[in-house]
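What follows is a single structure, written as structure tokens, with notes after it.
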There are 2 protein chains.
Amino acid sequence: MSFTKEEIIQTLKKRGLRVTPQRYGVYANLLQRQDHPSAEELLLDLNQAAPTSSQATVYSSLKALQSAGLIREVLLEEGVCRYDANTDPHHHFRCHHCGAIEDIAWEQFPPVDLAQLRPGLQGERYEVTVHGICEKCDAQNP
Amino acid sequence: MSFTKEEIIQTLKKRGLRVTPQRYGVYANLLQRQDHPSAEELLLDLNQAAPTSSQATVYSSLKALQSAGLIREVLLEEGVCRYDANTDPHHHFRCHHCGAIEDIAWEQFPPVDLAQLRPGLQGERYEVTVHGICEKCDAQNP
DNA sequence: CTTTGTGCAAACGATTTGCAGGATG
DNA sequence: CATCCTGCAAATCGTTTGCACAAAG
């Protein structure tokens, strides 16, 4: 799951995106993270050492990367939109105590037959969302 | 799926909620709807004939009903939170064209074994979200 | 050099909050 | 009659937008 600077740049170009330091930063950051940061968390991380990107630019980079199919939104809690550079199908686990999100391998769960839906509905993709407690919060629990 | 006025009132009281016209209205409305309205859609519907409830009250009623376990949030799209008076476990289908949401019976899909999660994660509940096209949008499609 | 991206600040839509008056149990 | 709810308007949060300048190809 490690990418060279050059690989990332080529990926961006291949999708027709101009390569700017900010856009590169957003995508590279997302690629090397295993959590699913919100736009604000990303912004904080990117500007941690030195300011590299403005709020508006992070949002627009995320939109550009998303319409290019390089990242996707993850909706697991109210109010915030999180982002995921893993575009392969997979499921999600969310700790309802600390909010941590973790990927679950696609093969982990039995496949769902979308042809079983009631006539009229055409299912195209699906995902399983598991809600529970992660080890960290489980340990702290009263 | 039909409830008498008295039943609804008793349910509210049983959960320790005071019965006010506004709160009753929100819950009764949700119970008789099959879609999953947002707070704003609910507000519009409630005030359609005559003004019965303010924006702030609808939001606070929803919060009260939710913490009483009578309704639940449904998160399927960015930006809005929808509400569901069906608290039994079930899955969701969402048409990515018109945004319509429909319940899918729990038995429709093979059960997921939450014990299979990686050690450390304690799954408590899960649901399947299917994205696709509904019949109405399928017919209109080019 | 043409097109697209950036940064700022103001605008926005959904939800929340503070508070005074009103209704519930 | 003590407690909790309602309505209003202002406040807040995440996200979007308009626009002048800067950078990418």
Side-chain angles (χ1 to χ4, degrees), chain A residues 5-6 8-29 36-47 50-68 70-83 99, chain B residues 5-6 8-29 36-47 50-68 70-83 99:
Chain A
K5 194 164 184 172
E6 202 42 50
I8 297 178
I9 291 178
Q10 287 313 317
T11 306
L12 289 170
K13 286 190 175 170
K14 214 170 295 173
R15 301 291 179 121
L17 296 178
R18 279 196 185 175
V19 179
T20 68
Q22 293 82 350
R23 192 171 283 174
Y24 171 88
V26 168
Y27 187 42
N29 190 300
H36 301 63
S38 64
E40 196 172 359
E41 289 168 347
L42 253 168
L43 183 68
L44 281 175
D45 196 18
L46 288 168
N47 292 345
T52 61
S53 197
S54 79
Q55 193 190 44
T57 300
V58 167
Y59 278 104
S60 96
S61 296
L62 287 169
K63 265 179 92 168
L65 290 164
Q66 193 187 337
S67 22
L70 293 177
I71 66 172
R72 60 150 90 160
E73 293 180 340
V74 181
L75 299 173
L76 293 175
E77 66 200 286
E78 207 197 322
V80 257
C81 191
R82 304 187 161 277
Y83 295 88
Chain B
K5 194 163 183 173
E6 203 43 51
I8 297 178
I9 291 178
Q10 287 314 315
T11 306
L12 289 169
K13 286 190 173 170
K14 214 171 294 176
R15 302 289 180 122
L17 295 178
R18 278 195 186 176
V19 179
T20 68
Q22 294 82 350
R23 193 171 283 175
Y24 170 87
V26 168
Y27 188 41
N29 191 299
H36 301 65
S38 65
E40 196 172 0
E41 289 168 347
L42 254 168
L43 183 68
L44 280 176
D45 196 19
L46 289 167
N47 292 346
T52 61
S53 197
S54 78
Q55 192 189 46
T57 300
V58 167
Y59 278 105
S60 96
S61 296
L62 288 169
K63 266 179 92 169
L65 291 165
Q66 193 187 337
S67 24
L70 294 178
I71 65 172
R72 60 150 88 160
E73 293 181 338
V74 180
L75 300 173
L76 292 175
E77 67 200 286
E78 207 197 323
V80 258
C81 190
R82 305 188 160 277
Y83 295 89

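Worth saying up front: this structure is predicted, and the values here are computed from it rather than measured. Letters go in sequence order (proteins before strands), and every chain restarts at 1.
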field: Which residues share a side-chain hydrogen bond (donor to acceptor under 3.5 Å, both in side chains) with A/Asp45, sequence neighbours left out
entry: A/Asn29, A/Arg33
Residues which pass side-chain contact (heavy atoms from CB on, under 4.5 Å) with B/Lys5, listed by chain and number, not counting sequence neighbours: B/Ile9, B/Tyr24
task: Using a 4.0 Å cut-off on protein heavy atoms (strictly under), produce a 5'-to-3' string for nucleotides 15-25 of chain D with B for base contact, S for backbone-only sugar-phosphate contact, and - for none.
output: BBB-----BBS
query: Who passes side-chain hydrogen bond (donor to acceptor under 3.5 Å, both in side chains) against A/Ser53, sequence neighbours left out?
result: none
message: Can you pull out every salt bridge (charged side-chain N to carboxylate O under 4.0 Å, His left out) where at least one residue sits in residues 73-82 of chain A? Sequence neighbours excluded, please.
response: A/Glu41-A/Arg82, A/Glu77-A/Arg82, A/Glu77-A/Arg94
query: Once you round it to whole Å, what is the distance between P of D/dG7 and CG of B/Leu43?
result: 10 Å
task: Please list, in 5' to 3' order, the outermost nucleotides of DNA chain C lying under 4.0 Å from any heavy atom of chain B.
output: C/dA14 to C/dG25
- request: Run the numbers on A/Leu75 and B/Leu76 for side-chain contact (heavy atoms from CB on, under 4.5 Å), then give the verdict.
  value: CA-CA 7 Å; A/Leu75 299 173; B/Leu76 292 175; over 6 Å; no
field: Interatomic distance, B/Gln22 CD vs D/dC8 P [rounded to whole Å]
entry: 11 Å
message: Tell me whether the count of non-hydrogen atoms from other residues, nucleotides or ligands lying under 6.0 Å of CD in B/Glu40 goes above 12.
response: no
- request: List in chain and number order the residues that pass side-chain hydrogen bond (donor to acceptor under 3.5 Å, both in side chains) with B/Arg23, two or more places apart in sequence or in another chain; answer none if no residue qualifies.
  value: none
side-chain contact (heavy atoms from CB on, under 4.5 Å) involving A/Leu43 - partner list, sequence neighbours excluded: A/Asn47, A/Gln55, A/Val58
Contacts of type side-chain contact (heavy atoms from CB on, under 4.5 Å), residue B/Thr11, not counting sequence neighbours: B/Tyr27, B/Leu70
field: Angle between terminal axes - the helix from C/dC1-D/dG25 to C/dA14-D/dT12, 5 pairs each end, rounded to 10°
entry: 30°
query: With sequence neighbours left out, what residues match B/Ser54 under side-chain hydrogen bond (donor to acceptor under 3.5 Å, both in side chains)?
result: B/Thr57
query: Could you give the CG-to-P distance, from A/Leu75 to D/dG14, as a whole number of Å?
result: 15 Å
